[in-house]
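Beneath this line is the structure, given in structure tokens, with notes to follow.
Throughout, a chain's letter reflects where its sequence line sits, starting with A, and its residues are numbered from 1. Being a predicted model, the structure only gives us computed values, none of them experimental.
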Amino acid sequence: MTTSISENKKDFFQQVYQVVRLIPEGRVTSYGAIAIYLGTKKSSRMVGWAMNACHSMKDVPAHRVVNRIGLLTGKQHFETSEKMQELLMSEGVAVENNQVVHFIKHFWDPFIELNLE
DNA sequence: CCAGTGACGGCTA
DNA sequence: TTAGCCGCCACTG
């Protein structure tokens, strides 16, 4: 289907949530990747900031979203700082020192994954 | 209406 | 190579 998520230009947040929700288990992505997918690659901050409101959207696996270096920068915003790491570990994503091990291996690119669909 | 904030990213020194 | 600074867009007060 050519109907892309971006086509439904609702709230910027909604777009971010939609992409994050598409992230498969055991995979992670960066704020920048999502920002680029939404068309605002220069505003990677907006993506992370949007996650700040993800607390209302429990369906949004924000724990699968980390910064470009795979650092769990947003763990502080979770229920517990360890919650994010536990969730990733539970999905098979190795996390050490608040950083995703082999981040590139687990990296999930919305462009590629969603485009191949 | 104006200014500050924010879970980042890229560039320059 | 590492560290620091600026820029960016969207939202709230």
With distance as the sole test, does [X] use its side chain to make a donor-acceptor pair with the main-chain N or O of [Y] at under 3.5 Å?
{"X": "A/Ser44", "Y": "A/Tyr31", "answer": "no"}
{"X": "A/Arg64", "Y": "A/Ile23", "answer": "yes"}
{"X": "A/His55", "Y": "A/His77", "answer": "yes"}
{"X": "A/Tyr17", "Y": "A/Ala50", "answer": "yes"}

Rounded interatomic separation in angstrom, taking [atom1] from [X] and [atom2] from [N]:
{"X": "A/Leu71", "N": "C/dA3", "atom1": "CG", "atom2": "P", "value": "14 Å"}
{"X": "A/Asn67", "N": "B/dG10", "atom1": "CG", "atom2": "P", "value": "11 Å"}
{"X": "A/Tyr31", "N": "B/dG9", "atom1": "OH", "atom2": "P", "value": "8 Å"}
{"X": "A/Gln15", "N": "C/dA10", "atom1": "CD", "atom2": "P", "value": "10 Å"}
{"X": "A/Trp49", "N": "C/dG13", "atom1": "CH2", "atom2": "P", "value": "10 Å"}
{"X": "A/Tyr17", "N": "B/dA7", "atom1": "OH", "atom2": "C1'", "value": "12 Å"}
{"X": "A/Arg68", "N": "B/dG10", "atom1": "CZ", "atom2": "C1'", "value": "7 Å"}
{"X": "A/Phe12", "N": "C/dA10", "atom1": "CZ", "atom2": "C1'", "value": "7 Å"}

Are OP1 or OP2 of B/dC8 and a side-chain N or O of A/Thr73 less than 4.0 angstrom apart?
yes
OP1 or OP2 of C/dG7 under 4.0 Å from side-chain N/O of A/Arg45:
no
Between A/Ile36 and A/His63, which residue's closest nucleotide on DNA chain B lies nearer the 5′ terminus?
A/His63
Considering the options A/Val20, A/Asp59, A/Val60, A/Val16, which one meets the side chain to side chain contact (heavy atoms under 4.5 Å, CB included) requirement together with A/Cys54?
A/Val60
For [X], which contact category applies under a 4.0 Å heavy-atom criterion: base, sugar-phosphate, or nothing?
{"X": "A/Ala62", "value": "base"}
{"X": "A/Asn52", "value": "base"}
{"X": "A/Phe13", "value": "sugar-phosphate"}

